[in-house]
Protein chains: 2
Amino acid sequence: MTDPQDVLCAHFDRYLALDEAERTALKERSRVRRLKRRGFLLQEGEVCRSYAYVVEGCLRMYEMDAKGVEHNLQFALENEWIVDIGSFHAEKPSSLFIEALEPSVVVCIEHADLLQLYTEHPKFDRNFRVIIEDQFVELQQRMLRRNASSAEQRYAHFVEQHPELAARVPNVHIASYLGVTPEFLSRLRAKTARPS
Amino acid sequence: MTDPQDVLCAHFDRYLALDEAERTALKERSRVRRLKRRGFLLQEGEVCRSYAYVVEGCLRMYEMDAKGVEHNLQFALENEWIVDIGSFHAEKPSSLFIEALEPSVVVCIEHADLLQLYTEHPKFDRNFRVIIEDQFVELQQRMLRRNASSAEQRYAHFVEQHPELAARVPNVHIASYLGVTPEFLSRLRAKTARPS
DNA sequence: CTGAATCCTTGATCTGGATCAAGGTCATTT
DNA sequence: AAATGACCTTGATCCAGATCAAGGATTCAG
């Protein structure tokens with residue numbers, strides 16, 4: 001049960017549980033990858049070839065702007081998915097990077113394999129639909145917060161909702177995710193820690 | 001072919017085309033609603049009961065904050081979907097409003113009906129998965145722009161990508177969607193219109 | 001053990017965009 | 001034909017957060 005692919009199967013069982021055939025197909029059509037800290041799963045200009053499920057570790061997906069500044073779009077901890085869906089489906093070059101923040105283990109499904117899974121076992125259509133819907137809802141709420149709340153409120157909310165990330169990920173990356181500079185986040189932290 | 005439900009069927013044909021049985025099921029399980037300008041499809045506190053496809057008109061989805069300020073999350077023109085997916089699937093009260101900005105015609109699918117469609121015709125799982133994926137990718141890009149670009153750049157991009165909306169929707173709403181005040185958007189417009 | 005990344009912090013200053021206030025133009029209602 | 005309200009604009013002022021600059025604390029490679 002510590003086998004990465006079994007972990008992935010168990011993950012799907014939290015949605016519409018898989019039967020034996022689906023489980024086998026999933027294992028055949030996925031593969032385990034290990035990344036060292038700072039290793040890239042995707043770099044700007046490449047096509048995003050795999051839909052990745054994190055079994056262990058922590059990754060981030062970000063874009064680099066014209067000035068070389070990075071903007072974090074998403075983190076993925078254990079049991080979360082990470083992929084540039086646009087690039088993956090269109091098989092077009094991505095503008096994003098996916099980097100491991102810790103030594104990580106992911107289970108990858110490539111484009112052709114996922115299509116096979118979809119057509120041979122429609123349950124995957126269903127499960128991936130639900131997975132994406134959940135991510136979509138979260139992203140919508142994040143967008144609303146970005147427009148409706150101050151940096152201070154956004155940071156407080158982040159720490160409350162993602163204590164795990166707040167503890168494991170450097171503040172520079174959290175700042176970028178929240179849309180503020182690391183300096184300003186540092187000041188916010190100083191303020192809320194000791195409102196003496 | 002000017003029948004709203006036929007328009008909806010035609011829309012699905014752009015993904016995995018529907019067969020006769022699916023088409024019939026879809027028509028049975030959806031219903032047409034007409035909204036006058038300023039009419040609400042959803043109000044804060046209600047459960048979002050319908051997945052809505054816009055056949056004619058224009059709607060917006062927004063949240064109202066503690067100070068009574070509105071924050072636009074999404075617009076929907078002809079051939080676009082609008083729904084609070086979180087509320088819809090969990091059948092929990094929404095914090096959002098969906099309002100018609102023009103007299104509009106929408107085709108609505110209610111929760112129980114959509115579940116029926118999903119289980120009786122797995123193709124709907126597929127099609128709705130793809131529809132959501134596309135919306136998700138757009139929202140991700142919007143999130144990145146929100147963090148990486150200035151208000152001026154975001155507005156320019158909006159006008160370029162959504163000339164239709166820029167023409168049909170009052171600037172107050174565009175400002176809110178972009179995350180700036182109407183006053184500031186007005187100044188941006190004045191600047192770019194005549195850099196004399 | 002040592003130099004060099006990373007990461008965090010703090011200060012001084014600057015600015016994009018908010019806020020407050022007022023006036024102007026239409027369109028819709030009565 | 002007023003009158004209300006929706007929408008846009010412009011000015012004056014203010015502030016949240018950026019930028020620039022420097023220093024300290026860990027961690028890590030050689």
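Every value quoted in this text rests on a predicted model; they were computed, and no experiment measured them. Excluded from the calculations below are hydrogen atoms, water molecules and symmetry mates; all remaining heavy atoms, backbone and side chain alike, are included. Protein chains get the first letters and strands the later ones, always in sequence-line order, with residue 1 at the start of each.
- Distance, Phe184(B) CZ to dA21(C) C1': 19 Å, rounded to whole Å.
- In this structure, Tyr62(B) has its ring center no closer than 6.0 Å to that of Tyr177(B).
- In this structure, CG of Leu185(A) is placed 14 Å from C1' of dT10(C), rounded to the nearest angstrom.
- Across residues 143-181 of chain B, Pro170(B), Asn171(B), Val172(B) each have a non-hydrogen atom less than 4.0 Å from an atom of DNA chain D (numbered order).
- When each of His173(A), Arg60(A), Gln43(A) is tested with Glu99(A) by the rule side chain to side chain donor-acceptor pair (under 3.5 Å), just one qualifies, namely Arg60(A).
- One N or O donor and one acceptor, one from the side chain of Arg187(A) and one from the base of dT19(D), sit under 3.5 Å apart.
- Rounded to whole angstrom, the span from the NZ atom of Lys191(B) across to the P atom of dT9(D) amounts to 15 Å.
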Collect all protein-nucleotide pairs involving nucleotides 22-30 of chain D in which both atoms are nitrogen or oxygen and the distance is under 3.5 Å.
none

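- Summarising the geometry, atom NE2 belonging to His111(B) is positioned 6.0 Å from atom CZ belonging to Phe88(B); distances are rounded to the nearest 0.5 Å.
- Taken to the nearest 0.5 Å, the CD1 atom of Ile131(A) stands 11.0 Å off from the CZ atom of Arg129(B).
- Looking only at distances, no side-chain donor or acceptor of Ser87(B) sits under 3.5 Å from a matching main-chain atom of Val47(B).
- For the side chain to side chain contact (heavy atoms under 4.5 Å, CB included) with Glu164(B), the lone residue among His162(B), Arg168(B), Gln161(B) that qualifies is Arg168(B).
- A straight line from CZ of Arg38(A) to C1' of dC7(C) spans 10 Å, rounded to a whole angstrom.
- dC7(C) atom C1' lies 16 Å from atom CD of Glu102(A), rounded to whole Å.
- Salt bridge Asp6(B)/Lys27(B): present, at least one basic N to carboxylate O contact under 4.0 Å.
- The residues Glu152(B) and Lys191(B) are annotated as salt-bridged, a charged nitrogen and a carboxylate oxygen being separated by less than 4.0 angstrom.
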